[in-house]
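Throughout, numbering of the chain's residues begins at 1 and tracks the sequence.
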Amino acid sequence: MSSFRTRLLFALISLIILVLVGLGVLLGELFKSYYLNALHSRMEKEVEIVVNEVELQPFFTTVASSRFDELSDVLDIRIMMISDSSNVIYDSQNNIDINNHDRTIQLIGEDDLTPEDPITQYQANENTTYYAKSVAAGETAGLVIVAASFDELEAVYRQIWTILGITLGAALLIIILLGSRITNQYTKPIESATKVAIELAKGNYRARTYEDRVDETGMLSNSINVLARNLQEMVTLQAIQQDRLQTLIENMGSGLIMIDRQGHIVLVNRTFLEFFRLQTDEVINKRYVDIISDKQVREVAEEVFMTEQRIRKQIHISSVLSKLHLEVYGAPIIGDGSVWQGIVLVFHDITELKKLEQMRKDFVANVSHEVKTPITSIKGFTETLLDGAMNDQEALESFLTIILKESDRLQDLIQDLLDLSKVEQQGFNLAVADVNMTNLLHEVTAIMKQKADQKSMKIVLDGDQNLFIEGDHDRLKQIFINLISNALTYSQPRGEIRLTVTDQKENILINVEDDGIGMEQEEIPRIFERFYRVDKARSRNSGGTGLGLAIVKHIVEVHHGDISVKSEPNKGTAFLISLPKKHRFNK
């Protein structure tokens, strides 16, 4: 902007200099012309004086030389008189001495001036002028010639130009100073507006300019500031919307990918990258056919490209680390004016839904299987008795014993199902009270002692004493009865079951550990599922329903606790239960 001010000031000064130079030349010529006209007018008056003196003479040929010598000296001119016959009657020969004097006199004589002619001027050289007038004295006539030298003209001209130069120079200096101030006054707001405009172009929407004038520059500054405020509000709003949209896209539970019409990936979110185990820099601006290795996903994208219709499909993705069931929703992106811009694919993870669906199927199948076995046994033995075996007392007792056992097993199954259903209900309420966990475990140990003695096993209780928590006494007892019962069932005779109670700051830890057959690591995540059996044949023979651990897990969860399992084949299993001392009531 300084260059603009410099150019403007330079142009202004150049224009002013041209104007002043032109004005100086014009004034100089005017002064010179005025001075010359004044000199010639004075000389004509002096010539008139000389002419009047000549006309007073009785004869033109006999003039009083002394009188004209006096006039020549007083007026500082050279006076000459020439008769009609071109004879010089009088010549003062003083003051004026010119090289081409004779030539000038000859030219004057050749003009044949008459008394009626006005005074005629003849320029002998730059500084000398001759004035001629035809005069009659008495009955004779002739020419009166007056020569005047204007040697002071050069000095006068120099003085005129000096005065003009000083005056115009001073005027130029004053104009430059005033012009510089005026230029700064008008260019400063423009400079400020330009700087703000540059800052706005760089993205600094907080920049503002001063509004200290009410003229056009003030209007410009005001308009720039209004524009800056509007841009700042727009950018701020856009940034907020962008952050909201980015946060929504990044944190939505579904995977999202946007592909432009050339097949390049322009947008993905974190969930999509997690689904396909990719990185952002590996995906953006790359062709989707080169990035997405799964054939099913590519087929969905190609179908949307081909049909330009919305589609919905379920796909299954298997990898080394994960198995996902995804529902893919694909739609074309149509911009303004029906311009095709690309497609968008949304991936909903329905793996859990598939698992739940499979669990429901397994539950129905398992319930049917578990119920079918005792019912089949009861029906078979009943039919056998009706066919005549009831007359055999020994067979009758044996069959009735089996029928009773299967009935008890069916009753236990139904009771476990009722307990599990009750625990899983949304509004299930516990009978919360202060429970002495040490005493509770002693009660459970006493209950299970007889079953332990049958296998020559010991139940050892160790740890801190008199530890209280807020919970449901009967439900907590049900947890440990189930765990100890399982430990007794799946342990070798003469083994040991260890119960360890540990006090923590806000929780109580109970560890139930045995020396039983254990289980493989891949089995552990599924042991809390309904009817899941590690060793199906052996478990069924043990008389279990397959619902005990599912009930245990739900009772622990409604107490806001945690349960975890550690196990190794043929080395035993350990269940670690963490229960909070203070019960958190649901609101």
Do side-chain atoms of [X] reach the backbone of [Y] as a donor and acceptor pair under 3.5 angstrom?
X	Y	answer
Lys581	Gln504	yes
Glu513	Arg498	no
Asp453	Ser456	no
Asn269	Ile249	yes
Arg270	Asn251	no
Gln296	His316	yes

Working to the nearest 0.5 angstrom, can you tell me the gap between [X] [atom1] and [Y] [atom2]?
X	Y	atom1	atom2	value
His348	Leu353	NE2	CG	11.5 Å
Ile469	Asn507	CD1	CG	9.5 Å
Leu579	Ile508	CG	CD1	7.5 Å
Leu476	Ile481	CG	CD1	11.0 Å
Met457	Ser491	CE	OG	4.0 Å
Phe468	Asp503	CZ	CG	12.0 Å

Please list, one pair per line, the donor and acceptor atoms closer than 3.5 Å that link side chains of residues 301-311 to other protein atoms, with sequence neighbours excluded.
| unit_1 | atom_1 | unit_2 | atom_2 | d |
| --- | --- | --- | --- | --- |
| Glu303 | OE1 | Lys313 | NZ | 2.9 |
| Thr307 | OG1 | Glu303 | O | 2.7 |
| Thr307 | OG1 | Gln309 | N | 3.4 |

Greater than 12 external heavy atoms within 6.0 Å of [X]'s [atom1]:
X	atom1	value
Glu506	CD	no
Met234	CE	no
Gln262	CD	yes
Lys449	NZ	no
Gln450	CD	no

inquiry  = Any non-hydrogen side-chain atom of Leu278 less than 4.5 Å from a side-chain atom of Val268?
reply    = no

Taking all atoms of both residues into account, what is the closest heavy-atom pair of [X] and [Y], and its distance?
X	Y	value
Leu467	Thr438	N-OG1, 3.7 Å
Ile510	Met437	CD1-CE, 4.1 Å
Ile577	Val556	CG2-CG2, 4.2 Å
Ala487	Asp514	CB-OD2, 3.5 Å
Met519	Ser567	N-OG, 2.9 Å
Leu440	His473	CD1-O, 3.6 Å

key: Candidate pair Phe575 and Asn511, rule side chain to side chain contact (heavy atoms under 4.5 Å, CB included), full reasoning   = CA-CA 6 Å; Phe575 287 87; Asn511 187 39; 5.8 Å; no

query = Got a salt bridge between Glu233 and Arg229, using NZ or NE/NH1/NH2 to carboxylate O under 4.0 Å?
reply = no

key: Pair Glu327 + Arg312: basic N to acidic O under 4.0 Å   = yes

query = Between Leu549 and Asn482, is a side chain to side chain contact (heavy atoms under 4.5 Å, CB included) present by the stated rule, with each step listed?
reply = CA-CA 7 Å; Leu549 289 180; Asn482 269 293; 5.9 Å; no

remark   = The complete set of ring pair (Phe, Tyr, Trp, His ring centres under 6.0 Å) pairs with one or both residues in residues 279-302, sequence neighbours excluded, reads none

task = Show the numbers, then the answer: is there a side chain to side chain contact (heavy atoms under 4.5 Å, CB included) between Gln238 and Gln241?
result = CA-CA 5 Å; Gln238 183 182 9; Gln241 296 294 340; 5.7 Å; no

